[in-house]
Amino acid sequence: MKITRMHLKVVSFLIAIMFFLNYDIVEGLTKQEDEALERRLQLLNKPAVKTIKTEYGDIYDCVDFYQQPAFDHPLLKNHTYHPQMKPTFSLTKRDEEPSTLRNTAKILKDGGCPKGTVPIRRTTKEDLIREQNADRFNASYANGIFHFALEETSDDQNNKFTGAGAWMSIYAPKVQNNQWSASVVKLQNGRDQIQAGWRVDPILYGDTRARFFVLFKSGTTQCFNTRCKGFIIVNGQIPLDHIFPHVSKDGNIFEERFYIQKDLINGNWWLRYGSDSTQLGYWPAELFGGGLKNFASKAAWGGEAFSSGPTFPPMGTGQFPQRDTSVDAYCRKISVLNSAGKTTNTGPLSKFEDASALYQVSDKQTGDNEFGHLVFLGGPGSNK
């Protein structure tokens, strides 16, 4: 029988179902595989001073600041960091007025974590199995599984960006178990990259809720949140990975602010969050041996999507942008910081749409103080 492209797509889809449809089932592991997962869980899940269970079933362990996963990194063994660390840049006043639209900042109940401890979402065996299956499956794919709809600055070493951010509307596009969909702000220099935003990702989380996430890449290393050694948490109340309790729907907009900023004195990259620019933590300068050891040469805003099967998920609202904040997913008041840490114009942006039949992006200079420079993103994905 002649093997056609359609046959290959069907086979790929069936394999994807095998790996992801029952992502919460752990049976079928060999004794060695099970023992290996247990050892990794012991490394990832540190002893808890206090445990907080959310209304969605997530468990956050309040871990001693010095026991968090970041300090397992060999480059951070002789660190001088402490729980009261703050950036050297001034935040004596709010960078902008709070959103006139409803935002969704999520603070842990019961006062959050005690002083000197930080919240880390407990990793389960099911989490590791999904991650393991994804890695094994993705190794057989060469191209076509990631798609982008981004507005980007020029990639120029003369840019010397020290920060970027935006207010983002939060949505929860419907994805399958072998897909994810996200809205991001990112800074990049060469192979080094930092992202922040929201994503719906059953591969990573085992559910289809919109969650807060961060990602860093340094050379060949890539890591979400605190899943590996890197990001140092300082805030005891607002955790990474948290579920947004409200998402935008039918013209009711919920949004949040995400900002990444470099400390010009020590080189650490800080994550700032919400209308009051709360400092959640930082990526130490030691993590970056390449581009982001210095400055970012490019900034970008927009959407990203992934699938390990023949169809792709919706992005944003699931519709192509109409350049209207009441019906589009958006990033508003996008901004960058120059080499002196001052807000500066992004300059002309360029579209990066690698599948415009599925996803599109557009930017608009409004001249309005509330919306500023806007990026609209979205698309239905594949309907095959």
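Any value given below was found using the heavy atoms of this structure, including those in side chains, with hydrogens, waters and symmetry copies removed. What you see is a predicted model; the values in this text were computed from it and never measured.
To the nearest 0.5 angstrom, Ser362 atom OG is 13.0 Å from Phe320 atom CZ. Expressed to the nearest 0.5 Å, how far CD of Gln360 lies from CZ of Phe376 amounts to 13.5 Å. Here NZ of Lys160 is found 11.5 Å from CG of Asn338. Values are rounded to the nearest 0.5 Å. Separation of atoms CZ (Arg257) and OG (Ser275) is listed at 9.0 Å; rounding is to 0.5 Å. With rounding to the nearest 0.5 angstrom, the CZ atom of Arg332 is 9.0 Å from the OG1 atom of Thr325. Interatomic distance, Asn189 CG to Leu292 CG, rounded to the nearest 0.5 Å: 6.0 Å.
Residues Phe89 and Leu337 have side chains not in contact (no heavy-atom distance under 4.5 Å, counting atoms from C-beta outward). Side-chain contact between Pro173 and Pro313 is absent, with no heavy atoms from C-beta onward closer than 4.5 Å. Annotation: side chain of Ser339 is in contact with side chain of Phe295 (closest heavy-atom distance under 4.5 Å). The shortest side-chain heavy-atom distance between Asn268 and Met85 falls under the 4.5 Å cut-off. For the pair His147/Leu358, a side-chain contact is recorded, criterion being any heavy-atom separation below 4.5 Å from C-beta on. Within the 4.5 Å cutoff, side-chain heavy atoms of Leu349 are placed close to those of Thr153. For the pair Gln84 and Lys115, the minimum side-chain heavy-atom distance is below 4.5 Å. No side-chain heavy atom of Asp61 sits under 4.5 Å from any side-chain heavy atom of Lys46.
Environment of CD in Gln319: sparse, with no more than 12 heavy atoms of neighbouring residues, nucleotides or ligands closer than 6.0 Å. Lys174 NZ: 12 or fewer foreign heavy atoms inside a 6.0 Å radius. Heavy atoms from other residues, nucleotides or ligands lying under 6.0 Å from NZ of Lys86 number 12 at most.
Counting side-chain heavy-atom gaps under 4.5 Å among Ile, Leu, Val, Met, Phe, Trp and Tyr, the cluster of Leu108 also holds Ile52, Tyr60.
Nearest heavy atom pair, residue Ala182 against residue Arg199, reads CB-CB, 3.6 Å. Ala210 approaches Val200 most closely through the heavy-atom pair CA-CG2, 3.8 Å. Considering all non-hydrogen atoms of both residues, Val375 and Val361 come closest at CG1-CG2, 3.6 Å. Closest of all the heavy-atom pairs between Ala166 and Cys331 is CB-CB, 3.9 Å.
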Check against salt bridge (Lys or Arg N to Asp or Glu O under 4.0 Å), Lys229 and Asp72: CA-CA 6 Å; Lys229 311 149 194 164; Asp72 291 335; over 6 Å; no

From CA spacing to verdict: side chain to side chain contact (heavy atoms under 4.5 Å, CB included), Phe306, Ile203: CA-CA 10 Å; Phe306 167 90; Ile203 301 171; 3.6 Å; yes

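Residues Val327 and Leu377 do not share a hydrophobic cluster, defined by chaining ILVMFWY side chains whose heavy atoms lie under 4.5 Å apart. A continuous path of ILVMFWY side-chain contacts below 4.5 Å connects Leu271 to Phe71, so both sit in one hydrophobic cluster.
A salt bridge does not link Lys293 with Asp192: none of the charged nitrogens is closer than 4.0 Å to a carboxylate oxygen. By the 4.0 Å N-to-carboxylate-O rule, Lys125 lies close enough to Glu38 to be salt-bridged with it. Taking a cutoff of 4.0 Å between a charged side-chain nitrogen and a carboxylate oxygen, Lys186 and Glu304 qualify as a salt bridge.
No option in Phe231, Phe288, Trp269, Tyr81 other than Phe231 meets the ring-ring contact (aromatic ring centres under 6.0 Å, His included) test with Trp283. Here the rule is side chain to side chain contact (heavy atoms under 4.5 Å, CB included) with Phe213, and of Asp241, Leu240, Val184 only Val184 fits it.
Taking the six-membered ring where the residue is Trp, His79 and Tyr66 present parallel rings, their angle staying beneath 30° rather than reaching 60°. Relative orientation of the His242 and Tyr273 rings is perpendicular, given thresholds of 30° and 60° on the angle between their planes. Using a 30° and 60° split on the angle between ring planes, Phe148 and Phe146 fall in the parallel class, below 30°.
In this structure, Trp167 contributes its side chain and Phe371 its backbone to no donor-acceptor pair below 3.5 Å. Side chain of Ser248 to backbone of Phe254: a donor-acceptor contact under 3.5 angstrom is found. The backbone N or O of Ser154 sits less than 3.5 Å from a side-chain atom of Asn159, completing a donor-acceptor pair. With Glu152 contributing its side chain and Phe352 its backbone, the two residues share no donor-acceptor pair below 3.5 Å. Looking only at distances, a side-chain donor or acceptor of Thr30 sits under 3.5 Å from a matching main-chain atom of Glu33. A donor-acceptor contact shorter than 3.5 Å links the side chain of Ser181 to the backbone of Pro314. Between the Asp201 side chain and the Thr208 main chain, no donor and acceptor come within less than 3.5 Å of each other. Side chain of Lys298 to main chain of Gly190: no donor-acceptor pair is present (N/O by atom type, distance under 3.5 Å, no hydrogens or angles). For Asn45 (side chain) and Thr123 (main-chain N/O), a donor-acceptor pair under 3.5 Å exists by modelled atom type. When atom types are taken as modelled, the side chain of Gln42 and the backbone of Arg39 share no donor-acceptor pair closer than 3.5 angstrom.
With 3.5 Å as the limit, one finds no donor-acceptor pair spanning the side chains of Thr226 and Arg121. At a cut-off of 3.5 Å, with distance as the only test, a side-chain donor of Ser297 or Asp155 sits close to an acceptor on the other residue.
Relative to the six-membered ring of Tyr205, Arg211 meets both conditions, a distance below 6.0 Å and an angle of at most 45° to the axis.
Tyr259 is linked by a ring-ring contact (aromatic ring centres under 6.0 Å, His included) to nothing, counting only residues two or more places apart in sequence or in another chain.
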